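Just so we're clear, the structure is a prediction, and the values are computed from it rather than from any experiment.
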Amino acid sequence: MSTRFAIVTGAGSGIGKATAQVLAERGYDVGLTYGKNVDGVERTAEAVRAQGQRAFVAQMQLEAPDSVGRAIDQLSNELGGLDALVNNAGLLDFQSFLDLSLDRWRRVIDCNLTGTFLAGQAAARRMVANSTAGRIVNVSSVHEMVPLLHATAYCSSKAGIGLLTKCMALELAPYGILVTAIAPGETATAMSGAPDESVADRKRPEIPAGRPGMSREMAVTIAYLLDPEASYTTGTTLVVDGGLLLMAAIPNQRTRMASSH
């Protein structure tokens with residue numbers, strides 16, 4: 001099987017790190033981006049190389065638009081091609097609606113939604129120029145579908161990613177590029193305040209699965225969507241939440257929605 005080339009944004013920890021590792025296990029060379037966590041992304045690169053695959057690193061600051069295209073181009077050149085992009089980088093922010101400042105709103109929208117748009121556009125342009133029938137997976141959240149208290153900007157950004165995914169899929173289909181998203185539920189990552197190692201100790205009776213998800217569970221879902229045999233899936237968001245959203249159908253059930261993305 002020939003080597004394939006993927007870029008994973010926000011690869012210093014959590015879902016991004018796990019995705020890079022899973023893709024390396026499946027024979028991908030991987031380009032990795034980071035915002036500030038350079039130590040984390042270097043550890044991810046070491047894990048990729050331990051699988052016998054190449055890894056390259058570039059800084060991408062989503063609040064600095066020019067850095068996004070540069071990072072995609074740099075990593076694509078170093079890899080020698082681009083078959084897949086995993087748009088994982090983003091941030092979680094809590095602030096009540098009445099107190100939410102315009103600057104804070106813009107920061108979340110710029111990082112989560114505009115950053116996803118810019119990276120996706122840069123990657124798609126490379127794929128089209130090279131006649132590559134590639135794949136793009138955007139990491140959204142269950143809060144693409146349901147609100148989260150005191151997270152107006154975050155939820156709005158994720159809802160935007162949901163429709164952005166559909167628009168990208170529609171316009172890129174003629175080029176053979178498939179675009180999908182995953183919507184994680186609560187996931188044990190640093191962003192949600194819980195490392196993967198503690199997941200077995202966290203009980204979540206309000207979730208049918210009874211626990212948070214793990215980063216690797218999200219990563220293998222992403223790998224499935226990137227698999228060449230997943231060739232008839234595009235323009236949709238795949239929910240990976242242990243059944244969390246099902247609880248919205250239970251009357252008088254108060255649940256605490258939380259996620260890392």
Side-chain angles (χ1 to χ4, degrees), residues 8-10 14-19 22-23 84-94 108 112-113 115-117 120 135-149 151-170 178-189 191-194 196 199 202-227 229-251 253-261:
V8 180
T9 70
I15 294 172
K17 179 178 182 179
T19 300
V22 167
L23 293 182
L85 169 70
V86 180
N87 252 326
N88 169 73
L91 61 86
L92 176 63
D93 185 73
F94 290 100
V108 176
N112 292 357
L113 180 54
T116 297
F117 157 70
R135 305 289 174 86
I136 298 173
V137 177
N138 299 322
V139 179
S140 182
S141 166
V142 290
H143 301 299
E144 172 187 321
M145 295 90 173
V146 295
L148 176 62
L149 191 64
T152 297
Y154 175 78
C155 294
S156 298
S157 70
K158 294 300 184 177
I161 287 173
L163 201 53
L164 172 63
T165 298
K166 295 180 187 302
C167 292
M168 290 171 65
L170 187 63
L178 306 183
V179 186
T180 54
I182 73 161
E186 182 182 6
T187 308
T189 67
M191 185 180 287
S192 62
D196 284 349
V199 69
R202 302 186 71 194
K203 306 301 181 184
R204 285 287 185 261
E206 68 273 25
I207 300 175
R211 61 172 177 82
M214 296 184 70
S215 295
R216 185 175 177 88
E217 291 174 307
M218 307 305 157
V220 296
T221 304
I222 292 168
Y224 157 72
L225 291 170
L226 296 180
D227 191 282
E229 293 191 354
S231 55
Y232 203 57
T233 303
T234 195
T236 191
T237 297
L238 180 56
V239 177
V240 190
D241 69 345
L244 176 61
L245 290 184
L246 299 177
M247 303 306 286
I250 298 179
Q253 175 73 37
R254 296 175 62 85
T255 61
R256 178 182 179 271
M257 297 289 191
S259 71
S260 67
H261 279 276

Decide side chain to side chain contact (heavy atoms under 4.5 Å, CB included) for R216 and V22; before the verdict, give the C-alpha distance in whole Å, the side-chain angles of both, and the deciding distance to 0.1 Å.
CA-CA 8 Å; R216 185 175 177 88; V22 167; 3.3 Å; yes
For M218 versus P184, what's the shortest heavy-atom pair and its separation?
SD-CB, 3.8 Å
Any S215 side-chain heavy atom under 4.5 Å of I15 side chain
yes
Contact check, side chains of V239 and L244, non-hydrogen atoms, under 4.5 Å
no
Taking all heavy atoms of T237 and all of A183, pick out the closest pair and write down the distance.
CG2-CB, 3.6 Å
Any side-chain heavy-atom pair of I222 and L23 under 4.5 Å
no
Testing the basics here: between T152 and S156, what is the closest heavy-atom pair and its distance to 0.1 Å?
O-OG, 2.8 Å
Holding to side chain to side chain contact (heavy atoms under 4.5 Å, CB included), I want the full list of residues that pass it with I161, two or more places apart in sequence or in another chain.
L113, T116, N138, S140, K158, T165
Show the nearest heavy-atom pair for residues Y224 and T233, with the distance to one decimal.
OH-OG1, 4.2 Å
Using the test side-chain hydrogen bond (donor to acceptor under 3.5 Å, both in side chains), find all partners of N112 that sit at least two apart in sequence or belong to another chain.
S157
Donor-acceptor check, side chain of T180 to backbone of T236, threshold 3.5 angstrom: yes or no?
no
What pair of heavy atoms forms the shortest contact from D227 to R135, and how long is it?
O-NH1, 2.8 Å
Mark yes or no for whether N88, through its side chain, and G10, through its backbone, hold a donor-acceptor pair below 3.5 Å.
yes
What's the spacing between I182 CD1 and T19 OG1 if we round to 0.5 Å?
7.0 Å
Short N-O contact, K166 and E144, less than 4.0 angstrom
no
One should read off an interatomic distance between I136 CD1 and L225 CG, to the nearest 0.5 angstrom, of 13.0 Å
Could you give the distance from OG1 (T9) to CG (N87), rounded to the nearest 0.5 Å?
5.0 Å
Is there a donor-acceptor pair closer than 3.5 Å between any side-chain N or O of T234 and the backbone N or O of V179?
yes
Between E206 and P208, which heavy-atom pair has the shortest distance, and what is it?
O-CD, 4.0 Å
Whether R204 side chain and A209 backbone form a donor-acceptor pair below 3.5 Å
no
